[in-house]
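Because the structure is predicted, anything quoted here is derived from the model rather than measured.
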Amino acid sequence: DEKNPVTSNILKNKDISCHLELETHNTDYGFHIFFDEMDLDVEENSVLDGPKPTTCKDYVQFGRDVLYFTTSKSRKFCGFRERLFYHNATQADYARALTQGNRLFIESADHEMDVWLKVKSTQYRSIKRKRHLRLIVTVFKKGCQSNDMYWRKCDNTNYCVRKGHFCDNYANCGWPDGEIASDETQKLCS
């Protein structure tokens, strides 16, 4: 969050370049990554999705590796995603969110993954808007029983998340397309 004075001070003179490695217990689990909110710079005249996706100045990217070699990388994610407050979101809020681009990345092929974040210095940046990123990272189980004490199945998938993640105001079940969190619907959580 560039509103944070520490982050803002770092970005005055240099880029931020982070690499995170996430790992679960074993291959029975995966990662559900949801862009809760984001405002990262894009190149001018970029589009959010489609055959020619956004060209990013700043970005988040996901990948997998074997030992020290990267074997796959996702596309780069950037642009604007506003935060949805599910307990009082309206249809207009959801409709607006649909125009902002994909919010979901799933890693189900492996039990570990890489996350890269690159944010360029403000030194040559003409835009005064503060950049920020908030990801909700949820470990999911690739299957569970209906009588499971700890896990509950998400709608539209066979994947399960911890029961405590339901109705917690964070998107932990974004399947199939990441636009609506089925664990946070007003019908379920009222």
Side-chain angles (χ1 to χ4, degrees), residues 1-8 18 20 22 24 29-42 46-50 53-54 56 58-62 74-108 113 115 117 119 127-142 144 146-190:
D1 187 345
E2 203 171 356
K3 291 176 187 170
N4 180 314
V6 174
T7 305
S8 182
C18 296
L20 303 171
L22 307 178
T24 65
Y29 302 90
F31 292 98
H32 173 283
I33 313 264
F34 190 83
F35 290 89
D36 193 44
E37 59 182 320
M38 175 170 64
D39 195 351
L40 296 176
D41 288 349
V42 300
S46 290
V47 294
L48 284 173
D49 287 310
T54 305
C56 300
D58 306 317
Y59 66 87
V60 177
Q61 189 173 32
F62 307 103
S74 72
R75 72 176 182 90
K76 294 176 180 176
F77 293 86
C78 59
F80 179 77
R81 312 288 188 282
E82 76 178 280
R83 185 169 184 195
L84 290 176
F85 294 91
Y86 294 99
H87 64 280
N88 63 0
T90 65
Q91 290 301 331
D93 295 330
Y94 286 116
R96 202 172 45 257
L98 284 172
T99 67
Q100 297 170 358
N102 192 308
R103 292 176 173 264
L104 182 64
F105 181 82
I106 300 295
E107 175 52 68
S108 60
M113 67 177 287
V115 181
L117 170 66
V119 181
I127 303 168
K128 299 301 178 204
R129 186 183 76 246
K130 302 292 186 186
R131 295 166 289 183
H132 61 275
L133 173 68
R134 181 180 157 107
L135 298 175
I136 306 300
V137 180
T138 307
V139 172
F140 66 84
K141 193 173 181 181
K142 294 180 183 175
C144 64
S146 59
N147 62 350
D148 194 302
M149 287 180 56
Y150 304 106
W151 299 86
R152 181 174 175 178
K153 189 189 254 191
C154 294
D155 289 350
N156 306 308
T157 185
N158 289 323
Y159 298 145
C160 309
V161 299
R162 299 285 285 188
K163 286 183 176 180
H165 290 314
F166 281 78
C167 301
D168 65 353
N169 227 0
Y170 297 104
N172 308 107
C173 290
W175 288 279
D177 54 17
E179 302 305 336
I180 295 177
S182 65
D183 61 313
E184 298 301 324
T185 61
Q186 289 177 357
K187 179 181 175 184
L188 176 70
C189 300
S190 61

Between Cys144 and Cys160, is a disulfide (SG to SG under 2.5 Å) present by the stated rule, with each step listed? CA-CA 6 Å; Cys144 64; Cys160 309; 2.1 Å; yes
With Lys3, which residues qualify under side-chain contact (heavy atoms from CB on, under 4.5 Å), at least two apart? Asp1, Lys130
Measure up the His87 and Phe85 rings against each other and bin them: parallel (under 30°), tilted (30 to 60°), perpendicular (over 60°). perpendicular
Sorted by chain and number, sequence neighbours left out, side-chain contact (heavy atoms from CB on, under 4.5 Å) with Leu20 holds for Val115
Does the pair His32 and Val161 meet the rule for a side-chain contact (heavy atoms from CB on, under 4.5 Å), with working shown? CA-CA 9 Å; His32 173 283; Val161 299; 5.8 Å; no
Run the ring-ring contact (aromatic ring centres under 6.0 Å, His included) test against Tyr29 and tell me which residues pass, sequence neighbours left out. His25, Trp151
Any residue meeting side-chain contact (heavy atoms from CB on, under 4.5 Å) with Tyr170, in chain and number order, not counting sequence neighbours: Arg83, Arg134, Ile136, Asp168, Asn172
Counting distance only, does the side-chain N/O of Arg152 pair as donor-acceptor with the main-chain N or O of Met149 below 3.5 Å? no
State which residues pass salt bridge (Lys or Arg N to Asp or Glu O under 4.0 Å) with Glu82; sequence neighbours excluded, sorted by chain then number. Arg96
Restricting to non-hydrogen atoms, name the atom on Leu133 and the atom on Leu135 that form the minimum distance, rounded to 0.1 Å. CD1-CD2, 3.8 Å
Would you please name every residue forming a ring-ring contact (aromatic ring centres under 6.0 Å, His included) with Tyr159, sequence neighbours left out? Phe140, Trp175
Could you go through the side-chain contact (heavy atoms from CB on, under 4.5 Å) check for Leu40 and Lys76 one step at a time? CA-CA 11 Å; Leu40 296 176; Lys76 294 176 180 176; over 6 Å; no
Distance, nearest 0.5 Å, that separates CG of Asp41 from CZ of Arg129: 5.5 Å
pair Phe105-Met113: side-chain heavy atoms closer than 4.5 Å: yes
Set of residues satisfying salt bridge (Lys or Arg N to Asp or Glu O under 4.0 Å) with respect to Arg103, sequence neighbours excluded: none
Taking atom CG of Leu117 and atom CD of Gln61, what is their separation to the nearest 0.5 Å? 11.0 Å
Roughly how far apart are Leu98 CG and Ile180 CD1, rounded to 0.5 Å? 7.0 Å
Rounded to the nearest 0.5 Å, what separates atom OG in Ser8 from atom CD in Glu2? 5.5 Å
Ring-plane angle category for Tyr94 and Tyr86, please: parallel below 30°, perpendicular beyond 60°, tilted otherwise. tilted
Contacts satisfying side-chain hydrogen bond (donor to acceptor under 3.5 Å, both in side chains) that involve residues 180-190 (not counting sequence neighbours) are none
Answer whether the closest heavy-atom distance between the side chains of Asp148 and Lys141 falls below 4.5 Å. yes
Could you pull out all residues at least two apart from Thr90 that satisfy side-chain hydrogen bond (donor to acceptor under 3.5 Å, both in side chains)? Asp93
List the steps, then state whether side-chain contact (heavy atoms from CB on, under 4.5 Å) holds for Glu107 with Phe62. CA-CA 9 Å; Glu107 175 52 68; Phe62 307 103; over 6 Å; no
Which residues pass the salt bridge (Lys or Arg N to Asp or Glu O under 4.0 Å) test with Asp58, not counting sequence neighbours? Arg131
One pair to check against side-chain contact (heavy atoms from CB on, under 4.5 Å): Ile106 and Phe31. What are the steps and the verdict? CA-CA 6 Å; Ile106 300 295; Phe31 292 98; over 6 Å; no
With sequence neighbours excluded, tell me which residues meet salt bridge (Lys or Arg N to Asp or Glu O under 4.0 Å) with Lys153. none
